[in-house]
Amino acid sequence: MDYVQEVLAGVIAKNPAQPEFHQAVREVLESLRPVIERNEEEYRRNALLERLTTPDRLIQFRVSWVDDKGQVQVNNGYRVQYNNAIGPYKGGLRFHPSVNQGIIKFLGFEQIFKNSLTGLPIGGGKGGADFDPKGKSDREIMAFCQSFMTELYKYVGADMDVPAGDIGVGAREIGYLYGQYKRIRGVYEGVLTGKGLSYGGSLARREATGYGLLYLTEQLLKANGHSLAGKIVAVSGAGNVATYAIEKAWQLGAKPVTCSDSTGWIYDPDGIDVALLKQVKEVQRARLTEYAAARPGARYHAGKGVWSVKCDVALPCATQNELQLEDAELLAKNGCIAVAEGANMPTTLEATGYLQSHGVLFCPGKASNAGGVAVSALEMSQNSERLGWSFEEVDEQLKGIMTHIFTAMDEAAKEYGMPGNYVVGANIAGFLKVAEAMTAQGIV
Ligand code: NDP
């Protein structure tokens, strides 16, 4: 067994029944082989990969809260503080019934490399709860968020660990979490990002992940002799990432024709109406059937199916493992040029391999969706200097960061003899800085 196989076997043995975590570690470690082989003796001696794959700490706590009927409910809350070699832990909170230790660890592990790739001083972390915000009243959401923060506040802080939003955690939840932190600690500090503009949020944070995804996709296409203008784009999801990806796709001259939620999907041959999508999802918090009802040309289908639509560019922006082998086969057959991940790990390993071996450009989420955390880091900077930057200023920095990410992963892939393999490029570029910092800081 080589070093990578040994570490992988150890991770699987020590973390049983956590398939998403195993998948993320496997994908990263296997693509790091060229670097590991060059430095194997040193990395082995320092157990670098063992330390990298073992979180600094994983906190699990009970969240008790009272629903509108007076019934006490109990959920599990989590925070994984994975690696702070290059900066304070940073990563979102996810509220979804599927959340468990394995999901949080997969997301936290990925976050280390994503955050490093941005070039900004942020370490990797992630958290959340197996709480389902769907169908809950505003008061119930507030009760849950307050109880969650009553435990979490012990472990976070502006220079220690700075959570943000993710699935099920948007502006409303961040507001309630921030209010409770302030109430308990009595300090007004940038402990969370994705805050409202009236209390320390950054302009362009809401748009950042979706916009960044399109900035990077534009670079990806350009470097490979294509342009985004005039392209048909298939997007999955109808949340924060998907909505602003769709908005920016229009702005860059492409035509986004699909979106989806967990019950069904929309094909709109005239292109997705962003204002209507926002009305349905951000204001009414309704299902996509409402979108179809308001837009006669659009078709609603129950279940999965976005990837069956003929498109030039596919942007999975919903959740993990939503683009599977059969979807990759369909996309390639229909002439898709590029897949760039807006969500975290939406493409299975088999689907990624198929796309790469069938000439479809593929960009992993840790590079293409890093715009969100990058602007979160800019929000931290603004909070530290107690100033707010203009939308244009933040957007310009975001564009620069996404271009830097593309260049870094493109060059790393070339340097290690795998040009065009952006999975390898992103992992190597992200890893090198963290490995160097870990080595410099000794055995901790
Ligand atoms: P939201 O909660 O705003 O939206 C998620 C969307 O995906 C919704 O349309 C939701 O449908 C759908 N979805 C969620 N779970 C499933 C599922 N199991 N099956 C099918 N559809 C599902 O989340 P975000 O847009 O913030 O996040 C989307 C993805 O992007 C996640 O992987 C997240 O980790 C990643 N990401 C987010 C960042 C951010 O800044 N927000 C930054 C980087 C990555 P429904 O409404 O029906 O649940």
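Along the sequence shown, residues are numbered consecutively beginning with 1. For ligands, and for the atoms within them, numbers begin at 1 and follow the listed sequence.
- Under the 4.0 Å criterion applied to side-chain N and carboxylate O atoms, K182 and E189 are not assigned as salt-bridge partners.
- Of all atoms in ligand 1, numbered sequentially from 1 with element shown, those under 4.0 Å from a heavy atom of A318 are 7 (O), 12 (C), 28 (C), 29 (C), 31 (C), 32 (O).
- Set against the non-hydrogen atoms of K134, the atoms of ligand 1 under 4.0 Å away are 45 (P), 47 (O), 48 (O).
- Look at Q320 and you'll find every heavy atom at least 4.0 Å from all atoms of ligand 1.
- Residue G165 places every heavy atom at 4.0 Å or more from ligand 1.
- Close N/O approach between A238 and ligand 1 is found [any backbone or side-chain N/O within under 3.5 Å].
- Which parts of ligand 1 touch C317 is read off a 4.0 Å heavy-atom cut-off, strictly below it: atoms 28 (C), 29 (C).
- In terms of protein heavy-atom proximity, atom 32 (O) of ligand 1 is closest to N344 N, 3.1 Å.
- Salt-bridge annotation for K231 and D312: absent, with no side-chain N of the basic residue lying under 4.0 Å from a carboxylate O of the acidic one.
- The ligand atoms of ligand 1 that sit less than 4.0 angstrom from a heavy atom of S260 are 9 (O).
- The closest protein non-hydrogen atom to atom 4 (O) of ligand 1 is G239 CA, 3.3 Å.
- Under a 4.0 Å criterion applied to the non-hydrogen atoms of A343, ligand 1 contributes the atoms 29 (C), 30 (O), 32 (O), 35 (C).
- Of the protein's heavy atoms, T319 CG2, 3.7 Å lies nearest to atom 18 (N) of ligand 1.
- Shortest contact from atom 33 (C) of ligand 1 to any protein heavy atom: D166 OD1, 3.1 Å.
- Ring geometry, H358 versus Y354: the interplanar angle falls under 30°, so the pair is classed parallel (tilted spans 30 to 60°).
- The single protein non-hydrogen atom nearest to atom 47 (O) of ligand 1 is S262 OG, 2.5 Å, given as residue, atom name and distance.
- Considering backbone and side-chain atoms together, T263 places no N or O closer than 3.5 Å to any N or O of ligand 1.
- Classification of the Y422-F406 ring pair by plane angle, with boundaries at 30° and 60°, yields tilted.
- K195 and E379 are joined by a salt bridge, as a carboxylate oxygen and a charged side-chain nitrogen come within less than 4.0 angstrom of each other.
- One finds a salt bridge joining K154 and E151 here, because a Lys/Arg side-chain nitrogen approaches an Asp/Glu carboxylate oxygen to under 4.0 Å.
- Counting heavy atoms under 4.0 Å from ligand 1, residue E322 does not touch it at all.
- In H96, the part holding a heavy atom less than 4.0 Å from any atom of ligand 1 is the side chain.
- Salt-bridge check for K281 with D261: passed, with a basic side-chain N closer than 4.0 Å to an acidic carboxylate O.
- Proximity to G168 (heavy-atom distance under 4.0 Å) selects the following atoms of ligand 1: 2 (O).
- Taking distance alone, with nitrogen or oxygen atoms compared against 3.5 Å, N369 stays at or beyond that limit from ligand 1.
- K304 has a carboxylate O that lies under 4.0 Å from a charged side-chain N of D327, or vice versa, which qualifies the two as a salt bridge.
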Which side-chain N or O atoms in residues 426-435 pair as donor and acceptor under 3.5 Å with protein atoms at least two apart or in another chain?
from: N427; atom 1: OD1; to: K366; atom 2: NZ; distance (Å): 2.8
from: N427; atom 1: ND2; to: E27; atom 2: OE2; distance (Å): 3.0
from: N427; atom 1: ND2; to: S31; atom 2: OG; distance (Å): 2.6
from: N427; atom 1: ND2; to: V423; atom 2: O; distance (Å): 3.3

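- Looking at K126 next to ligand 1, no N or O pair under 3.5 Å apart turns up.
- A salt bridge between K136 and D67 is absent, with no side-chain N of the basic residue lying under 4.0 Å from a carboxylate O of the acidic one.
- With a 4.0 Å cut-off on non-hydrogen atoms, N240 touches ligand 1 through its backbone as well as its side chain.
- Of the protein's non-hydrogen atoms, the one nearest atom 42 (C) of ligand 1 is T209 OG1, 3.4 Å.
- A distance below 6.0 Å separates the ring centres of W65 and F131.
- Looking only at side-chain heavy atoms (C-beta outward), Q356 and N421 come within less than 4.5 Å of each other.
- Within ligand 1, the atoms closer than 4.0 Å to a non-hydrogen atom of R94 are 31 (C), 32 (O), 33 (C), 34 (O), numbered from 1 in the order shown.
- Listed by chain and residue number, D273, V280, Y291, A294, R295 satisfy the side-chain contact (heavy atoms from CB on, under 4.5 Å) test with L276 (two or more places apart in sequence, or in another chain).
- The proximity of E341 to ligand 1, defined as any non-hydrogen pair under 4.0 Å, does not occur for either the backbone or the side chain.
- Here is the list of ligand 1 atoms found below 4.0 Å of a heavy atom in R205: 40 (O).
- At least one side-chain heavy atom of T53 sits less than 4.5 Å from a side-chain heavy atom of V7.
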**Working for side-chain contact (heavy atoms from CB on, under 4.5 Å), residues Q18 and F106** = CA-CA 9 Å; Q18 298 186 350; F106 121 62; over 6 Å; no
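- Checking only distances, V241 does come within under 3.5 Å of ligand 1, N or O to N or O.
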